[in-house]
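See below for the structure under consideration.
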Amino acid sequence: MTAAEQNAANPSSGESYGADAIQVLEGLEAVRKRPGMYIGSTGPTGLHHLVWEVVDNAVDEAMAGHCTKIIVTLLPDGSVEVIDDGRGIPVDPHPKYEDMSAAEVVLTVLHAGGKFGGGGYKVSGGLHGVGVSVVNALSTRVEVEIDRKGKRHGMSFVDGGNPDQKLAVIGDAPGDRTGTTVRFWPDPTIFKEGIEFRFNTLLDRFQMMAFLNAGLEFEAIDARAGEVGEPEKVAYRYDGGIRDFVSHLNASKEPLFEEIGYYAGEDEEQEVEIAFSWNTGFQTDGIHSFANGINTIEGGMHEQGFRSALTRTVNAYAKDKGLLKEKEENLQGEDIREGLTAIISVRIGEPQFEGQTKSKLGNVSVRTLVEKTTNESLKEWFEEHPNEAKRIVGKAIQAARARVAATQARQTIRRKSALDGAGLPGKLADCQSKDPGESELYIVEGNSAGGSAKEARNALTMAILPIRGKILNVERARVDRMFKNTEIISLIQAIGAGVGEEFDASECRYHKVILLADADVDGSHIRTLLLTFFFRQMRPMVEAGYVYIAQPPLYSTEVGRSKQYLKDDVAKDAFLAEHPNHKNEFQRLKGLGEMDAEELWETTMDPETRTLLQVTADQAAIADEVFSVLMGDDVESRKHFIQTNADDVRFLDI
Ligand code: 0RA
C-alpha cells in the first residue's frame, strides 16, 4: 500500500503528513493509475521512456551550458543509473512546500522539473516534459545523489515515490564537483511486459542526442552481465554537431562534393540550425528534422519552411547564373532534393506536436524563421561555393529529365494495366478472396518454387507471384529505369496500390505480402532487394506491418520413416539435444525447389504451423542508413556493416 492509499484508508494515520505531502502522493498515485497518459504505454516503449525522461533533464542542463557528460549504466539488478555533471538539482528548502527540499519537489511533484524558481530553462527537451517525478512514481526504488555547493547530498524513495531517506548531506562533493546521479528500479507491476532494457535502443537515441547537442558526451554502459564478461561500453561525442550527423548519414554514399553546408538563425522565441550535403544517389527523402531534440518524423512547419526556401533559392540561383534558361520550366522540389541529406534542428519554447504519432511540428512561427534563414543563408552559401552550387543545379536538371521520363513510363504501366483487364500481371496466380484482410501475396523466388507454391497454396486466400532472379536494385537506379523493369512492374500491379508518392496503403490488395526466398546467400540478397524496394517505394505498406518474411527450413533429417524439417541451426541444436542418439548426418536444403508442394505447405506456408517474421521500419533515419550501407555503392562499408551486424538485424522485428 502506498502512503497515499494508507492515508485514504486510515485518515488518522495521516497526521505525520502535511497537506502538501498528501497532495504530492495523490499526484504520483494518479501516474500509477494511468501510466499511459504520462509515458505513452507500459510496454517496452514506455519503459525506455523512463530513461529518456531522466536523460532529458541532464540534456536540459547541457543546453543551458552547465553539463558536458552524461553516463548511463544498465546494472545487473535491473536498475538504471544516470550520472550528469550539471549544476545538481537545487537542495534548498522549497519556499512553497513546507518541510520539503527543492530536490524532493522535483522528484515528487508532476511537472516541477527545471521550470520552477529562477533556474528555469527557456527551451526544454522532453517530449511530454513530465519530469523525473513520473520516473519516481513508476519505480520500486529511486536513489538520488546531488553534488552541489561543495557537499554531496543523498535521498531515496520507495514504492512509487514514497520518501525513504529525506535529503541529507552525506559527505563532501569530490573536488567541488557539481552534478546529479539518479538511479531507479522500474516497477515490474507497472511494466507487465517486462523491465528489460534494450541496449541498442539506448545507443540509437544517445547517438542521435549527441549529434543534436554538439560537444555533449554520452557514455552508455551495459553492466548487466555482472561478473561474467566485461561490461559493454559505448561513447558518443560530436564536436561538429549536426554537421557530423550529415557526414554520418552520408558515410556510405558517394558525395557530390566534400563540403558539408551549415547555417543557423534565431529570433526572440526560437532558433534553427541546418546542415546539408548532396550525394550522387537518387533518394529524395534525405531530410531529417528535429524539434527540441525530438525526431519529427511526420515533418511539420520547419520542414515546410526549408523545402520551399530550398526550391526557391536553387531556382533563383540557376536562372541568375544562366544554368537554367529564363523560359525553361522551374526545377521542382523533388528534383532538387534528389541526393540531398539535410538535418534541420529547431529549438522552441512551446513546441506544438501534432499528427498521428505526435511527431509533426505545428508552430507556424517556425516556418517563417526557417524559410527566412534559408532564403538568406543558402543564397549566400551558393555564392560562396560556386562549384558546389553548379553541381547541385546540374544534378537537379538531370533529375528533372528523369522525372519527365518516369511520368511517361508510369503512364505506360497504367495504360497497359487498363488493357490487361483487371490489370494484373500474367504471372500472378491470384487468390479468390477479394478481402485484403484475409488475402496473402507470396512473392516467390524462381519459377520452379513458384510452381510448387501454386500447387501447395490455399487458393482462397493465397496468391502467388513468382519472380525471376535478381530484381533491380532501386538504390542504384533512377525511377525512370525502375518503371521499365518487368519484375518491378509485376509487383506494383499485383499489390495494386500505386508506387512512390502516389502509393496508397489502403488500396493494398493484400494485408500480408510475404517474401519467400531460399535460406541461402542468394535468397537473402533477393529479400534485401525486395525490402529496399518496399522501403523506398511503398513505405506505408511496411509501416502498416503488411510485409513479412517466410521461413523455409534450412535442414531436413529422417526420423524413422518420416522426414523432419528444421528451421535453422538453433532448431537443429535443439533437435540434437532432444535426440541424443540421432544417427543420420543432416541434409542441408539447397533451395525451395527441393521441396515438393506438400512439404512446402507443411514447413513454410500452412498458417497453422508456419513462422513469419514481420518487417517494421520505425526509426527511418537509421533504417535509411542500413539500406544505404547494404544496397549503396560503397562496398567497403557494406562489408563492414555485414561483419559487425551479422546477428543484429535492427530493422526486423519478430
Ligand atoms: C530543477 C532546477 C534546476 C536543475 C534541475 C532541476 C535538474 C534536474 C535534473 C535531473 C537530472 N539531472 C538534473 N539536473 C538538474 C536548475 C538548477 C539551478 O538553477 O542551479
Side-chain angles (χ1 to χ4, degrees), residues 24 27-28 31 38-39 48-75 79-97 100-139 141-157 161 163 167 169 173 176-186 202 205-206 209-210 213 216-220 292-293 349:
V24 161
L28 294 184
V31 179
Y38 299 87
I39 54 165
H48 288 79
H49 204 103
L50 301 183
V51 183
W52 314 152
E53 203 56 64
V54 181
V55 169
D56 280 350
N57 277 275
V59 171
D60 282 348
E61 281 291 285
M63 275 163 53
H66 303 289
C67 169
T68 65
K69 183 166 180 178
I70 301 168
I71 307 170
V72 180
T73 309
L74 300 178
L75 289 148
S79 66
V80 183
E81 183 188 68
V82 181
I83 308 176
D84 68 58
D85 62 355
R87 284 168 291 185
I89 309 178
V91 292
D92 295 335
H94 195 275
K96 288 218 195 80
Y97 292 83
M100 281 206 219
S101 61
E104 192 177 335
V105 173
V106 168
L107 264 291
T108 56
V109 177
L110 296 181
H111 302 286
K115 292 240 163 80
F116 72 81
Y121 310 109
K122 199 173 85 186
V123 170
S124 159
L127 178 51
H128 309 293
V130 285
V132 270
S133 57
V134 166
V135 177
N136 200 4
L138 302 176
S139 298
R141 178 170 184 81
V142 172
E143 293 175 1
V144 183
E145 227 171 65
I146 299 163
D147 287 338
R148 201 175 156 108
K149 296 185 187 165
K151 295 287 174 205
R152 174 160 290 181
H153 311 70
M155 69 174 163
S156 58
F157 303 86
L167 188 77
V169 172
D176 248 6
R177 173 191 188 277
T178 64
T180 306
T181 299
V182 176
R183 182 170 172 187
F184 64 93
W185 285 253
L202 302 192
R205 177 138 181 139
F206 296 160
M209 292 177 112
N213 294 277
L216 176 60
E217 180 170 350
F218 284 85
E219 189 170 295
N292 293 6

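Whatever order the structure lists ligands and atoms in, that order sets their numbers, starting from 1.
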Residue-ligand contact Arg148/ligand 1, heavy atom below 4.0 Å: yes

Geometric class of the His48/Trp52 ring pair [parallel <30°, tilted 30-60°, perpendicular >60°]: tilted

Candidates Leu107, Thr108, Val106 - the one meeting side-chain contact (heavy atoms from CB on, under 4.5 Å) with Met100: Thr108

Side-chain ion pair, Lys69 and Glu217, N-O less than 4.0 Å: yes

Distance-only N or O hit between ligand 1 and Glu61, under 3.5 Å: no

Whether Gly86 lies under 4.0 Å from ligand 1, heavy atom: no

Parallel, tilted or perpendicular, as decided by the 30° and 60° cut-offs, for the rings of Phe206 and Phe218: parallel

Lys149/Asp92 salt bridge by N-O under 4.0 Å criterion: yes

Under-4.0 Å heavy-atom contact with ligand 1, by part of Glu53 that carries it: neither

Closest to atom 10 (C) of ligand 1 among Asn57, Val105, Val144, Asp60 (heavy-atom distance): Asn57

Structural part of Ala102 in contact with ligand 1, heavy atom criterion under 4.0 angstrom: neither

Gap between atom CG of Leu50 and atom CD1 of Ile39 - 0.5 Å precision: 5.0 Å

contact_flag Asp84 ligand 1 heavy-atom lt 4.0 Å: yes

